[in-house]
Amino acid sequence: MKLKKIVESLIFERYVNVFTKSNKEKYAPEVWDMIQKSYAKIGGYKGASNANDLVTDSDLWKMVRKNGNIIAVTVY
């Protein structure tokens with residue numbers, strides 16, 4: 001039964017690639033909040049000072065959306 005749940009969770013994941021400024025702005029609050037929480041224990045994220053910097057200073061965001069929520073992001 002566990003394997004079935006794992007397979008189902010992988011099947012329903014959706015990978016989202018974001019290249020444009022307007023699309024990044026759409027996801028910026030959620031992505032910035034996730035990054036802030038993830039890097040809080042090590043003094044914060046050094047790649048950008050705020051969500052606007054993250055939007056303008058990055059080229060690509062690869063995100064995983066599950067059940068309508070962004071659950072992971074990689075910023076390039």
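Hydrogens, waters and symmetry mates play no part in the numbers below; they use all other heavy atoms, side chains included.
- A continuous path of hydrophobic side-chain contacts links Tyr45 to Ile42 [ILVMFWY only; heavy atoms under 4.5 Å].
- Rounded to the nearest 0.5 angstrom, Asn50 CG and Asp57 CG are separated by 9.0 Å.
- Atom CG of Asp53 is separated from atom CH2 of Trp32 by 7.5 Å, given to the nearest 0.5 angstrom.
- Cluster membership for Val55 and Val16, using ILVMFWY side-chain heavy atoms within less than 4.5 angstrom, is shared.
- Hydrophobic cluster membership is shared by Leu54 and Tyr39, with clusters built from Ile, Leu, Val, Met, Phe, Trp and Tyr side chains linked at under 4.5 angstrom.
- Taken to the nearest 0.5 Å, the NZ atom of Lys24 stands 6.0 Å off from the CG atom of Asp59.
- Distance check: Ile71 CD1 to Met34 CE gives 8.0 Å after rounding to the nearest 0.5 Å.
- Summarising the geometry of Tyr15 relative to Val64, their closest heavy-atom pair is CE2-CG2, 3.4 Å, with the distance given to 0.1 Å.
- Nearest approach of Arg65 to Gly68, heavy atoms of both residues: CG-C, 3.9 Å.
- Of all heavy-atom pairs spanning Ile70 and Glu30, the tightest one is N-OE2, 3.1 Å.
- Atom-to-atom distance recorded for Phe19:CZ and Lys62:NZ is 7.0 Å, nearest 0.5 angstrom.
- For the pair Gly43 and Lys46, the tightest heavy-atom approach, listed with the atom from each and the gap, is O-NZ, 3.2 Å.
- Shortest non-hydrogen contact noted between Val73 and Trp61 is CG2-CB, 4.4 Å.
- Under the 4.5 Å side-chain heavy-atom criterion for ILVMFWY residues, no single connected hydrophobic cluster contains both Met63 and Tyr76.
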